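Computed from a predicted model, the values in this text were never measured in an experiment.
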Amino acid sequence: MTGSDTEHIMEKVGAIIVAAGKSERMGGVEKIFATIDGRPLLYHAVEAFQHSPIIDNIVLVMAIDNIKAGLDLKKKYRWSKVTAVCAGGARRQDSVSEGLNRLGKVDWVLIHDGARPCITQDIIERGLEAVRESGAAIPAMPATDTIKIVSTNSYVKDTPPRDKLWAVQTPQVFRFDIIAEAHRKAKSNVTDDAAMVESLGHKVKIFKGSYTNIKVTTPEDLIIAEAVIKSRGTGVNLRTGIGFDMHPLVEGRRLVLGGVTLKFERGLQGHSDADVLVHAIIDALLGASALGDIGKHFPDTDAEYKDISSIKLLERIRILLNDNRVTVENIDSTIICEKPRLATHTQKMCRNIAKALEIDEEQVSVKASTTNSLGLIAKGEGIAAMAVVLIKKD
């Protein structure tokens, strides 16, 4: 690894997604919540940054009346990199300034229009590569139509040469100190961040955007954006996993299932708290994600995990899944035991599991069953659990 590579690894990259506009040309439709391929337009704009390996954190800037909706989307789609959802200002530059204030310490920042849902990983990566040369870089594409300069009375004043005209897009990418200075010194109403930087005398580099990276401004744009996104396919990679665990019941141990401590004369034997339900779920999640098994990540030879809560282990698995771009869609599980009776406790188990994984409680099912008087479990010698999970791998 070279010294330059090490410097890049240590750098922090933030993104500001500006979605505080008024949607004045959308015929009364709030465009960032308009549905594209079954999900809000804003979802598509944020997802590219959420799943980009080079983005460390995201600030989402919205109209003050939409803050709650923005927070709801963050929770629903588990946008772990969105560190702030804040209110924008009267002008776009005011909204960007607020985003810069909320971003925290970063070396580079990408500023993107929330109304551009067709952004791709390639554009994000090209932007960060281009910005290293000058400290400021913007995506753009050559103009494909002839452009006319028109007077106020609707007559053509001039026809500039088309080969020198480029249509600018976002995300615009800057070294943080440069764009922060530009916003501090901005005096007039400027709708383009690069123009602020240019006014300071900094050079701004062009990098290749995409003709499909459109900004939704009118209802017709929604139709185009949906066609673009659908043409790429959903990209959904659904996988299932199965987990099973069984532990003996012994004297002198607490009985813990699904993070709930139950009143019972015996508990499950194991290195951790021996929560068979959570262990089965962990193994199912790891299996579906092709990330090994519970013993690989939490070996019973490691003193760190002695008597540890399995719910805490599940929280660590959540972080591992996030790092590997895995989203938990559904968990169905069954505890197999003769005693104690569990019907009054299963909902709390669902709640504990959902909280550890930061998913909705309705995405978790915990059932209880017996072996109908067959085998060691029927004799009260142990408890088993099995789980089936559905995950999405991006």
Side-chain angles (χ1 to χ4, degrees), residues 4-5 7-19 42-61 79 81-83 92-93 95-97 99-100 102-143 165-183 190-200 202-216 225 228-229 232 235 325 394:
S4 175
D5 290 337
E7 289 175 5
H8 289 180
I9 290 173
M10 297 301 293
E11 292 173 338
K12 288 199 68 176
V13 182
I16 298 170
I17 299 179
V18 186
L42 185 61
Y43 162 87
H44 300 282
V46 175
E47 279 284 291
F49 294 89
Q50 167 67 31
H51 295 299
S52 170
I54 64 176
I55 300 296
D56 293 294
N57 64 302
I58 303 165
V59 171
L60 185 54
V61 187
W79 289 334
K81 292 183 181 179
V82 176
T83 55
R92 184 183 186 281
Q93 68 195 74
S95 297
V96 174
S97 293
L100 290 169
R102 297 294 192 97
L103 199 55
K105 186 173 177 55
V106 297
D107 300 285
W108 307 95
V109 58
L110 293 87
I111 302 172
H112 185 61
D113 294 326
R116 289 187 188 269
C118 303
I119 178 67
T120 64
Q121 295 287 331
D122 287 345
I123 295 175
I124 293 172
E125 291 169 8
R126 287 199 296 271
L128 194 61
E129 182 179 344
V131 77
R132 299 187 189 283
E133 295 184 28
S134 64
I138 57 175
M141 296 299 289
L165 297 175
W166 289 63
V168 174
Q169 304 173 346
T170 67
Q172 298 190 356
V173 195
F174 306 95
R175 203 173 73 215
F176 183 84
D177 60 326
I178 292 176
I179 190 63
E181 179 188 10
H183 273 268
V190 182
T191 58
D192 181 73
D193 296 287
M196 293 185 187
V197 171
E198 293 165 33
S199 70
L200 296 180
H202 286 286
K203 290 184 177 180
V204 177
K205 183 177 179 61
I206 291 287
F207 66 93
K208 183 182 176 183
S210 170
Y211 287 117
T212 62
N213 184 25
I214 67 168
K215 183 177 182 180
V216 173
V228 170
I229 289 171
R232 296 172 180 169
R325 298 168 66 177
D394 293 315

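Between Trp108 and Arg132, some side-chain heavy-atom pair lies under the 4.5 Å cut-off. Counting only heavy atoms from C-beta outward, the side chains of Phe207 and Val131 never approach each other to under 4.5 Å. Here the side chains of Ile179 and Ile111 are in contact, with some heavy-atom distance below 4.5 Å. Within the 4.5 Å cutoff, no side-chain heavy atoms of Val204 are placed close to those of Ser134. Using a 4.5 Å heavy-atom threshold, the side chains of Val61 and Ile17 count as separate. Side-chain contact between Leu103 and Asn57: present, with at least one pair of heavy atoms (C-beta onward) separated by less than 4.5 Å. For the pair Leu42 and Leu60, the minimum side-chain heavy-atom distance is below 4.5 Å. Counting heavy atoms from C-beta on, the side chains of Met141 and Gln169 come closer than 4.5 Å.
Residue Asp107 holds its CG atom at 9.0 Å from NZ of Lys12, rounded to the nearest 0.5 Å. Of the inter-residue distances, the one linking Ile214 atom CD1 with Asp113 atom CG reads 12.0 Å to the nearest 0.5 angstrom. With rounding to the nearest 0.5 Å, the separation of CD1 in Ile178 from CE in Met196 is 14.5 Å. Within the model, atoms NE2 of His44 and CD1 of Ile119 stand 14.0 Å from one another, a figure rounded to the nearest 0.5 Å. A distance of 7.5 Å separates CZ of Arg92 from CG of Asp192, quoted to the nearest 0.5 Å. Annotation: the span from Lys205 atom NZ to Ile138 atom CD1 amounts to 11.5 Å, rounded to 0.5 Å.
Of all heavy-atom pairs spanning Gln121 and Ala48, the tightest one is NE2-O, 2.7 Å. Shortest non-hydrogen contact noted between Leu100 and Ala180 is CD1-CA, 4.4 Å. Listed here is the closest heavy atom pair of Ala136 and Val197: CB-CG1, 4.0 Å. Shown here for Val96 and His183, the closest heavy-atom pair between the two residues is CG1-NE2, 3.4 Å. Counting all heavy atoms, side chain and backbone alike, Ala225 lies closest to Pro117 at CB-CG, 4.0 Å. When all heavy atoms of Trp79 and Tyr43 are compared, the closest pair comes out as CZ2-CA, 3.7 Å.
Using modelled atom types, no side-chain atom of Asp56 and backbone atom of Gly14 make a donor-acceptor pair closer than 3.5 Å. Under the 3.5 Å distance criterion, the side-chain polar atoms of Lys81 are matched with a main-chain donor or acceptor of Gln50.
For Glu125, there are no salt bridge (charged side-chain N to carboxylate O under 4.0 Å, His left out) partners at least two apart in sequence or on another chain.
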